[in-house]
Asker: 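To start, I am sharing the structure in question, which I have written as structure tokens.
Naming convention: chains lettered A, B, ... in sequence-line order (proteins, then strands); numbering from 1 in each chain. Side chains are part of it too, since the values below use all heavy atoms of this structure and drop only hydrogens, waters and symmetry mates.
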Amino acid sequence: MSQTKQIEQKWQAKWENAHIFEADPDPKRKKIMVTFPYPYMNGPLHVGHTFTASRVDAYARFKRMQGYNVLWPWAWHWTGQPLLGASQRVARGDEAYIRVLREVDDVPESELKKFIDPLYMAQYYTNEGRLAVKSIGFSVDWRREFTTVMPTYQKFIEWQYKNLKEKGYVTRGTHPVVWCPKDQSPTGDHDRQVGEGVTPEEYTLIKYKLGEHTFLPAATFRPETIYGITNMWINPDAAYVEATVNGENWIISQEAAEKLKEQEKKVQVKRSFKGKELIGQIFENPLTKGKFPILPGWFVDPKTATGVVYSVPAHAPYDWLALKDLQEKPEVLKDFGIDPEDVKRIKPISIIKVDGFGEYPAVEIVEQMGIKDQHDPKADEATKALYKKEFHSGVLKQNCGPYTGKTVREVKDTLIADFRKLGVADSMYDLPEQVVCRCMTQCIVKILSDQWFLDYSDQQWKAKAKEVVAQMAIYPDSAKQWFNVVIDWLKEWACARTTGFGTPLPWGKGWIIETLSDSTIYMAFYTINKHIKQSSIKPEALKPEVFDYIFYGKGNPAELEKAVGINVDLLEAMRNEFLYWYPFDLRNSAKELVPNHLTFCIFHHAALFPPEHWPKAIGVNGMLMVEGKQMHKSKGNFITMKGAVEKYGADATRCALLLGAEGMDDPDWRAENVSDLKSKFEALCGFASGIVASAKNQEDTVLERWLQSKLQHRIKDVTVSIDELKTRTGLQIALFETWNDLRWYIQRKGSTDAKALGEAVKVWLKMLAPFAPFLCEELWSQTGEAGFISIASWPAFDEAKVDVAAEEQENLIIDVMSDTSNILKAMKITPKRLCYYTAASWKWQVYLKVLEKTLAGEAKINELMKEFAADKDLKPHMKDIAGMVPRVIKALTKLPSDRKANILKIKAVDEKEILQSALGFLKERFNAEVSIYSEDDQKRYDPKRRAVMAMPYQPAIYIE
RNA sequence: GCAGGGGUCGCCGAGCAUGGUCAAAGGCGUAGGCUUCAGGAGCCUAUCCUGCAGAGGUUCGUGGGUUCAAAUCCCACCCCCUGCACCA
């Protein structure tokens, strides 16, 4: 076994035995409850889960070290269809799928066989998942664990839905879905062979009249164009039917008749015939009573909507092209007994005024794009472009009745509603593209009736949900408006279905609450599940009144005890535990859950809990990529949590992920980077334990003060970063920046045995502990500290330890070195001797004065000069000062303002002494003799007379 | 199509909200040196271009604009990612 693995197992066991992550209410301590959306158990946990949960764990561990009572619970989502589907595929002997289980999920053969039982499968993945979560070191309180099919959990969900229903958030209605006629069930995206992402579209049917009692329901997305109709198109070769539809006589395509049967229409086909039969007949516009002919249109697809299309050649490119065709090729009309002259007389009717177009936009766009005929693929493009343009900016002309002067966008909805009221319009759904079910059956649209919905359209509910958002923190902040947009956007959500695992709807036989609807407030269940498990509370005892008491404080525990048999103490303990932990303080997930789960969570809290129990914060992060691509089992780039930990170790896995991205950016998992990080950690171990072992010298030179001071900034930055869930920034500073500080100190010091360095390393380990807990525990134990670093106190920023003088001293060295290197680079020489000349004391006087004025924002050269001239000591140097002042001003603009302030505070420093103290270091660095002089030094070696160039914080340099 | 997020020096990625401190953090990679029996690791240095003195020049998706001054503000355009519902 590798050393890493040994260390990991050792600490995992120690944590578990010491129960340090098990959190109970403690009124003396402030609490933090963090949560991660429970993962769905139809497969193993993967690095995507790992990334998101690592952020939660880093936050939890950080808060725990800060002294908070931190609770991080975990559970498993079993609700829904996919688990069933997966199991069925195993049962069916689906080779491809079984191979994935075997090779990607690493399921042993003996277990695989048992996967024909979906619950067994879920239990297997749950067990594996728990081991993985433990092995990566997430600081979870396992006493609260559950799965969503546990009867006790289901009692909780029943309570939730009973409440929602009573409060009026659950409604009943109809809904169009993509439907597989063979499976007799909705066909979700994942169940499709063809047509992923395709959703039903609603057509308006305008019921044109053919004779007194027959309708031609023409399908359109643009019902406003009824005012511009010139004729009807019927495909002469397609099969049509005359049918009674909800008591009316309709003529529609054969396919349409079948479809309408599934859309809450009573359809009775009376006779079938070819479209040809209709050509040449005259129909009536039910609104304007105008009469128009039916013409042959071969482009009409009987498979789309009703197969009946009306023609608006002024605004629809296809219609214009088809009409033009007939007008130019009158011979085809002969077959239908239509007088070509009648067709030639048809003129487009313009009804929409739109910028950039004249009378007949369709005619113009066809000419502009050089579209030849209705078979030209560009016709489709033209249709879309024109539709978009007319919809957004088109204004209806005077011939549009009550809608005149309005934009299409404004009136569309009312217009449809009006037409329906007048009885001239109906509607039907159809799919814009073909959808084929996994079972190879062609899908259709079905309107499900008696569906149960969560009424997310409810304006008051929306308003309340926004209040929840307003009072909480969202990380990153930019996601906040997204939540608000989603709240606006959400409509009724079908919250129950008839198949799959889940909690039966308490009042609806045969309905099961679907996955995204049974996972909205379960964080509250964690708070009490510990008691339910420890006291083996029976599901039957968990009556709604029990939850009412626990969550709302309603009712009397003594009476409850009598009613359900849970004793008063236990009831009160549960109530207290809920009150202690709730609301949760952070919920973090990937951004894909923003438009659904996370927003649902907000809605349900708004509905069911008072403001004091509303979520405190939600974190959102990107979606993990693997080697630059989306991770997919089918793409062969699927990496499990277990696999990653085995290969790279827990700490490297966690940190590689966290260093990948923060905010909503997508992190990229690159195997090479992870192994680099793994070896970096090995180096870190050697580095740190070496220092810890040798720390003995009690010293307090400027270098120790510098190190201490630098460390304070790192502490501050890391603390602020993790607080805002900027885990990437936090880890970067904790790991790399701090490491660089330690290195600089060691270089300058030339030794590693100072106690101060050992102390700094301890602080360093503490800052790293939330990110790389195993390694830090191991090194912590080597420092001789008792107890776990996981619960050691987080380093606090200490203003008193900030030493700006020490920092500026090192800045001086760094600046001098970089100037020297720059010169060497330009000169392309190897130095034998370096001479530094520090500025004369009068220059400091000038420098500080200029600095002071600069900081105050009033650095005027002439005024400064006057002031200097008035000074007896400076008077003799006025010639030099004249040249110096502009140089100083320029140099100061390059300094950050906080450094300027520090320098002013420190006043003059003895640069010669500082450089002298770094003499050995500089010698070694440049591999040359180094001499330090003051500009005032009469005996200085200065053959090129460089010394006069010396400035405060910028000694002159001479190299030979 | 609608909505949200993005395009930065070989790569990954900070910075852009409060324009100057930005040739632009940090990591990775690459090159050179030190250390080492060797490999690895570690440590140091360099890494847009130019420059025989600490300097200058050209960069931050594209094209305009505002300003003494823009990666950062405004406008237009191009490209990429994510979500869009009965499904986790």
Asker: Nearest to the side chain of A:D676, which nucleotide is it out of B:rC52, B:rC28, B:rG4?
Answerer: B:rC28

Asker: Considering every strand and a 4.0 Å limit on heavy-atom distances, what is the contact class for A:N740: base, sugar-phosphate, or nothing?
Answerer: sugar-phosphate

Asker: Touch check for A:M949, heavy atoms < 4.0 angstrom, all strands: base, sugar-phosphate only, or nothing?
Answerer: base

Asker: Pick base, sugar-phosphate or nothing for A:M664, based on heavy-atom distances below 4.0 Å to the nucleic acid.
Answerer: sugar-phosphate

Asker: Cation-pi check for A:Y941 against A:R833: NZ or CZ below 6.0 Å from the six-membered ring centre and within 45 degrees of the axis, yes or no?
Answerer: yes

Asker: Nearest whole Å is fine: how far is B:rC22 P from A:L895 CG?
Answerer: 10 Å

Asker: On RNA chain B, does the nearest nucleotide to A:E662 precede the nearest nucleotide to A:F687 from the 5' side, or the other way round? Give the residue.
Answerer: A:E662

Asker: How far, in whole Å, is B:rA17 from B:rC79 if one measures between their C1' atoms?
Answerer: 25 Å

Asker: Which one, B:rC43, B:rG83, B:rG51, comes nearest to the side chain of A:A826?
Answerer: B:rG51

Asker: Could you please name the option among B:rA53, B:rC11, B:rG51 that lies closest to any side-chain atom of A:I957?
Answerer: B:rA53

Asker: Using a cut-off of 4.0 Å on non-hydrogen atoms, how would the nucleic acid contact of A:P955 be classed: base, sugar-phosphate, or nothing?
Answerer: base

Asker: In whole angstrom, give me the gap between the P atoms of B:rG61 and B:rU45.
Answerer: 31 Å

Asker: Looking for any heavy atom pair under 4.0 Å, which part of the strands does A:L593 touch: base, sugar-phosphate only, or nothing?
Answerer: nothing

Asker: Over how many whole Å does the gap from A:W489 atom CH2 to B:rA3 atom P extend?
Answerer: 8 Å

Asker: Mind checking A:L516 for me? I need base, sugar-phosphate or nothing, with any heavy atom below 4.0 Å counting as a touch.
Answerer: base

Asker: Expressed in whole Å, how much space separates the P atoms belonging to B:rG6 and B:rG13?
Answerer: 13 Å

Asker: Give the C-alpha distance, both sets of side-chain angles, the deciding distance and a yes or no for side-chain hydrogen bond (donor to acceptor under 3.5 Å, both in side chains) between A:T148 and A:T79.
Answerer: CA-CA 6 Å; A:T148 57; A:T79 310; 2.8 Å; yes

Asker: Aromatic rings A:Y38 and A:Y522: how do their planes relate, parallel, tilted or perpendicular, breaks at 30° and 60°?
Answerer: parallel

Asker: Can you tell me the distance, in whole Å, between the CD atom of A:E737 and the C1' atom of B:rA25?
Answerer: 6 Å

Asker: If you find the nucleotide of RNA chain B closest to A:K726 and the one closest to A:V177, which residue's nucleotide is nearer the 5' end?
Answerer: A:K726

Asker: Distance between the P atoms of B:rC28 and B:rU36, in whole angstroms?
Answerer: 24 Å

Asker: Quick one: CG on A:L45 to CG on A:D105, what's the gap to the nearest 0.5 Å?
Answerer: 10.5 Å

Asker: Is the phosphate of B:rA3 approached by A:Q481 (side-chain N or O, under 4.0 Å from OP1 or OP2)?
Answerer: no

Asker: When all nucleic acid strands are considered with a 4.0 Å heavy-atom cut-off, which category describes A:K944: base, sugar-phosphate, or nothing?
Answerer: nothing

Asker: State the pairing partner of B:rG26; accept Watson-Crick or G-U wobble contacts with both distances under 3.5 Å, and report none otherwise.
Answerer: B:rC12

Asker: Rounded to whole angstrom units, what separation is found between the CD1 atom of A:I691 and the P atom of B:rG42?
Answerer: 15 Å

Asker: With a 6.0 Å cut-off on ring centres, are A:F603 and A:Y456 close enough?
Answerer: yes

Asker: Categorize A:A683 for me: base, sugar-phosphate, or nothing, with a 4.0 angstrom heavy-atom threshold over every strand shown.
Answerer: sugar-phosphate

Asker: May I ask you to evaluate whether A:N927 reaches the phosphate of B:rC44, defined as a side-chain N or O under 4.0 Å from OP1 or OP2?
Answerer: no

Asker: Return the value, rounded to whole Å, for the distance between atom CZ of A:F391 and atom P of B:rG1.
Answerer: 14 Å

Asker: When you get a sec, tell me which of B:rA88, B:rG54, B:rG4 is the closest nucleotide to the side chain of A:P82?
Answerer: B:rA88

Asker: Answer with base, sugar-phosphate or nothing: what part of the nucleic acid does A:N822 contact at a heavy-atom distance below 4.0 Å?
Answerer: base

Asker: So A:T199, base contact, sugar-phosphate only, or nothing? Heavy-atom distance under 4.0 Å.
Answerer: sugar-phosphate

Asker: Please confirm whether A:K680 makes a cation-pi placement over A:W739, using NZ or CZ under 6.0 Å from the six-membered ring centre and within 45° of the ring normal.
Answerer: yes

Asker: Within the structure shown, what part of the strands sits under 4.0 Å from A:K491 by heavy-atom distance: base, sugar-phosphate, or nothing?
Answerer: base

Asker: In whole angstroms, how far is the P atom of B:rC84 from the CZ atom of A:F600?
Answerer: 11 Å

Asker: Rounding to the closest angstrom, what is the interatomic distance between B:rG29 and B:rC75 at atom C1'?
Answerer: 39 Å

Asker: CZ of A:R743 versus C1' of B:rU45: gap in Å, rounded?
Answerer: 14 Å

Asker: Can you find a donor-acceptor pair, distance only, under 3.5 Å between A:Q732 side chain and B:rA25 base?
Answerer: yes

Asker: Which one, B:rG83, B:rG27, B:rA25, comes nearest to the side chain of A:R728?
Answerer: B:rA25

Asker: Tell me whether A:K633 forms a cation-pi arrangement with A:F638, defined as NZ or CZ under 6.0 Å from the six-membered ring centre and within 45 degrees of its axis.
Answerer: yes

Asker: Indicate, with a heavy-atom threshold strictly under 4.0 Å, whether A:L659 touches base, sugar-phosphate, or nothing.
Answerer: nothing

Asker: Scan A:E682 against the nucleic acid and name what it touches under 4.0 Å (heavy atoms): base, sugar-phosphate only, or nothing.
Answerer: nothing

Asker: Looking at every strand, decide which applies to A:Q954 at a 4.0 Å heavy-atom threshold: base, sugar-phosphate, or nothing.
Answerer: base

Asker: Expressed as a whole number of angstroms, how long is the span from A:D819:CG to B:rG51:C1'?
Answerer: 15 Å

Asker: Please say whether the positively charged group of A:R748, taken as NZ for Lys or CZ for Arg, lies over the ring of A:F921, i.e. under 6.0 angstrom from the six-membered ring centre and within 45 degrees of the axis.
Answerer: yes

